There are 2 protein chains.
Amino acid sequence: MRAGLKRDRVRDFLLDYVADKKPGEAIPSERDLCKELGVSRPTLRAAIDDLVRSGVLVREHGRGTFTGPQRVTQALAATPSGSFYAPPAEGKWLSAILEFGSSPAGPQLTSRLQLAPATPVLRVVRLRVVDDEPMAIERLHLPHELVPGLVPADMETGSFYKVLRERFGVDVRSAVQTIEATVTDETEAELLGVPEHFPALLVERTTRDVNQRIVEFTRSIYRGDRYRVTSELYFDAESG
Amino acid sequence: MRAGLKRDRVRDFLLDYVADKKPGEAIPSERDLCKELGVSRPTLRAAIDDLVRSGVLVREHGRGTFTGPQRVTQALAATPSGSFYAPPAEGKWLSAILEFGSSPAGPQLTSRLQLAPATPVLRVVRLRVVDDEPMAIERLHLPHELVPGLVPADMETGSFYKVLRERFGVDVRSAVQTIEATVTDETEAELLGVPEHFPALLVERTTRDVNQRIVEFTRSIYRGDRYRVTSELYFDAESG
DNA sequence: CGGGTCAACTGGTTAAGACCACTCTAGCGC
DNA sequence: GCGCTAGAGTGGTCTTAACCAGTTGACCCG
């Protein structure tokens with residue numbers, strides 16, 4: 001109940017429901033789910049809409065609603081054996097922490113993180129390295145109060161999201177991400193070991209936890225010759 | 001009424017309305033628009049939702065709804081109004097056909113389209129233009145037998161997928177797409193009206209119909225200053 | 001004149017219900 | 001046995017009608 005919006009609670013319920021289903025399995029009909037969850041159909045449909053948009057569910061008119069063809073977290077896999085979010089389990093990833101410090105949010109981050117301008121924000125810049133080769137530069141910003149006692153070493157290896165969950169009880173749930181093309185500036189080129197004006201992907205990501213609180217805003221530069229975003233799209237009958 | 005869905009008519013109305021507005025200008029309040037267009041607020045909001053998702057409009061709680069920033073944002077998930085194929089400003093898109101012809105598949109396309117090397121393949125290069133501004137270069141390849149009698153004019157306006165469905169009975173269903181960063185070469189720069197070595201997105205897409213047949217392989221160059229890919233992700237409990 | 005308060009906007013969420021369109025299947029008629 | 005049809009079930013769309021939650025500015029009081 002704490003989570004606030006019914007739509008979000010319904011969506012989370014469906015995520016849990018779908019978690020141990022195989023791709024293509026049917027979920028209960030909308031009318032049944034309404035009764036079971038005690039919400040109206042528009043609300044239920046709004047929740048399903050979210051999941052359809054992100055590929056978790058697939059609707060088929062007249063037949064039913066089914067789990068999507070694959071796990072969402074794998075849908076945007078980057079080339080080197082891992083998603084944009086989860087470094088590969090093989091453990092070859094390392095991060096060199098270039099900056100680590102707290103300062104007021106300032107005007108930019110105020111809107112990005114939806115905080116008051118004076119709220120302390122932890123800023124971390126890290127260079128992500130695989131097999132001694134620099135791959136990406138990540139600039140993370142998170143409300144400092146969320147992670148009291150976090151130290152740079154926590155972010156050098158392993159999954160940061162795991163640390164968030166297990167040490168700070170922050171349960172990351174969703175993210176909105178934009179990807180655009182750019183070229184490296186002088187600093188970025190040097191850090192990544194590529195020429196200046198080299199092709200690169202600029203990825204901005206806003207991450208939320210189960211309660212829809214904004215957990216982090218991250219702006220990353222990925223080497224254009226090492227990263228590729230793959231996705232699978234499904235059309236409904238009317239898409240042009 | 002011909003257009004069918006009210007939501008779509010409302011969306012088209014708003015697209016026209018917004019067409020000659022500067023970025024950041026306000027549009028009428030939702031309640032006023034309801035009265036003016038004779039639709040209910042949920043319907044009106046559904047239309048606005050589409051445009052917000054695709055970046056045409058921006059909402060601000062308590063203040064109003066405004067026209068979005070210049071950049072065209074595309075949702076990675078195929079939604080009726082914001083797919084990779086029918087971008088937001090649907091009505092205003094034009095395509096200049098630069099090449100249009102058939103030739104044997106050759107070694108490259110043999111694997112891409114999964115055809116025999118001698119199979120005739122229709123190759124189309126088109127420059128996509130919005131408001132007299134070049135936005136992208138598309139190189140399409142499709143098995144010629146799929147679209148007998150297709151002429152260049154079929155691809156200059158409107159939705160190509162609609163033509164496929166209604167004229168040739170080819171029902172596009174899914175696509176696998178990869179996005180990477182690149183910079184324009186001399187030819188591309190000239191066509192797109194940008195400097196050489198300008199940031200751009202290279203998008204490759206393999207499209208299949210309902211029977212899992214490969215319908216097309218497309219390689220496109222999108223202007224980096226006009227395109228941005230947006231996606232929404234949900235994590236399940238175990239994602240790291 | 002300054003400052004706080006409140007009313008009137010704005011968008012945000014939810015409800016309950018009606019009807020349409022599509023899919024599948026059981027059962028009827030041949 | 002085969003083929004068609006009718007109905008039940010599914011998602012798709014739309015309406016009316018509330019109420020919640022930020023934002024703004026006019027107004028009143030000190």
Side-chain angles (χ1 to χ4, degrees), chain A residues 1-14 24-53 56-68 110-111 114-117 208 211-214 234-239, chain B residues 1-14 18 24-53 56-68 78-81 165 171 173 210:
Chain A
M1 204 58 85
R2 192 180 72 266
L5 278 56
K6 282 196 182 182
R7 192 186 59 195
D8 292 335
R9 284 189 289 135
V10 172
R11 198 192 57 211
D12 289 345
F13 171 89
L14 288 172
E25 277 191 63
I27 68 171
S29 79
E30 297 186 354
R31 286 166 182 83
D32 286 350
L33 283 170
C34 288
K35 267 182 282 185
E36 186 172 337
L37 297 174
V39 300
S40 69
R41 197 146 91 95
T43 304
L44 190 264
R45 281 180 60 81
I48 293 181
D49 281 344
D50 281 349
L51 297 175
V52 167
R53 256 193 299 284
V56 174
L57 296 176
V58 177
R59 283 205 251 241
E60 291 188 39
H61 192 172
R63 301 215 319 123
T65 303
F66 307 85
T67 58
T110 291
S111 68
Q114 293 178 13
L115 296 173
R208 289 183 142 86
N211 302 320
Q212 293 294 304
R213 258 188 326 186
I214 294 185
Y234 292 86
F235 304 90
D236 44 13
E238 286 312 307
S239 25
Chain B
M1 204 54 91
R2 191 181 74 270
L5 280 56
K6 281 198 180 181
R7 196 185 57 195
D8 292 339
R9 284 190 289 134
V10 172
R11 196 190 58 213
D12 291 345
F13 170 89
L14 288 172
V18 155
E25 275 191 67
I27 68 170
S29 78
E30 297 185 352
R31 287 166 182 84
D32 286 350
L33 282 170
C34 289
K35 266 181 282 186
E36 187 173 335
L37 297 174
V39 301
S40 68
R41 198 147 87 98
T43 303
L44 190 265
R45 280 181 62 80
I48 293 182
D49 281 344
D50 281 349
L51 297 175
V52 167
R53 256 194 299 282
V56 175
L57 296 176
V58 177
R59 284 205 250 241
E60 290 189 38
H61 192 172
R63 301 215 319 124
T65 304
F66 307 85
T67 58
T79 61
S81 68
R165 188 173 60 245
D171 198 353
R173 190 37 94 64
V210 286

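What's counted below: heavy atoms across the whole structure, side chains too, no hydrogens, waters or symmetry copies. Computed from a predicted model, the values in this text were never measured in an experiment. Chain letters run A, B, ... following the sequence lines, proteins first and then strands; every chain starts at 1.
- Sorted by residue number, the members of residues 29-43 of chain B with any non-hydrogen atom under 4.0 Å from DNA chain C read B/S29, B/E30, B/R31, B/R41.
- Contact annotation: the side chain of B/V58 never approaches that of B/T65 to less than 4.5 Å [non-hydrogen atoms, C-beta and beyond].
- Going from atom CG of A/D8 over to atom C1' of C/dT13 covers 11 Å, rounded to whole Å.
- Put simply, CG on B/L37 and NZ on B/K6 are 10.0 Å apart, with the number rounded to the nearest 0.5 Å.
- Applying the side chain to side chain donor-acceptor pair (under 3.5 Å) test to B/T43 and every residue at least two apart in sequence or in another chain returns B/S40.
- The main-chain N or O of A/L57 is never found under 3.5 Å from a side-chain atom of A/T67 such that the two would form a donor-acceptor pair.
- Straight-line distance from the CG atom of B/L44 to the P atom of C/dG12: 12 Å, rounded to whole Å.
- One atom, CD1 of B/I48, and another, C1' of C/dT10, lie 12 Å apart when rounded to the nearest Å.
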Inset, instruction - Check the pair B/R11 / B/D8 against salt bridge (charged side-chain N to carboxylate O under 4.0 Å, His left out), numbers first and verdict last. - result: CA-CA 5 Å; B/R11 196 190 58 213; B/D8 292 339; 3.3 Å; yes

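- In this entry the distance linking CD1 of B/I27 with P of C/dT10 reads 12 Å, nearest Å.
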Whether each nucleotide of nucleotides 21-27 of chain C has a protein heavy atom under 4.0 Å at its base (B), only at its sugar-phosphate (S) or at neither (-) is summarised, 5' to 3', as BBSS---

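- Listed by chain and number, the residues in a salt bridge (Lys or Arg N to Asp or Glu O under 4.0 Å) with A/E36 amount to none (sequence neighbours excluded).
- Partners of A/R31 under the salt bridge (Lys or Arg N to Asp or Glu O under 4.0 Å) rule, at least two apart in sequence or in another chain, do not exist in this structure.
- The nearest pair of heavy atoms linking A/P28 to A/L33 is O-CD1, 3.6 Å.
- For the pair B/R45 CZ and D/dC19 P, the interatomic distance rounds to 18 Å; values are reported in whole Å.
- Summarising the geometry, the separation between NZ on A/K6 and P on D/dA21 is reported as 14 Å, rounded to the nearest angstrom.
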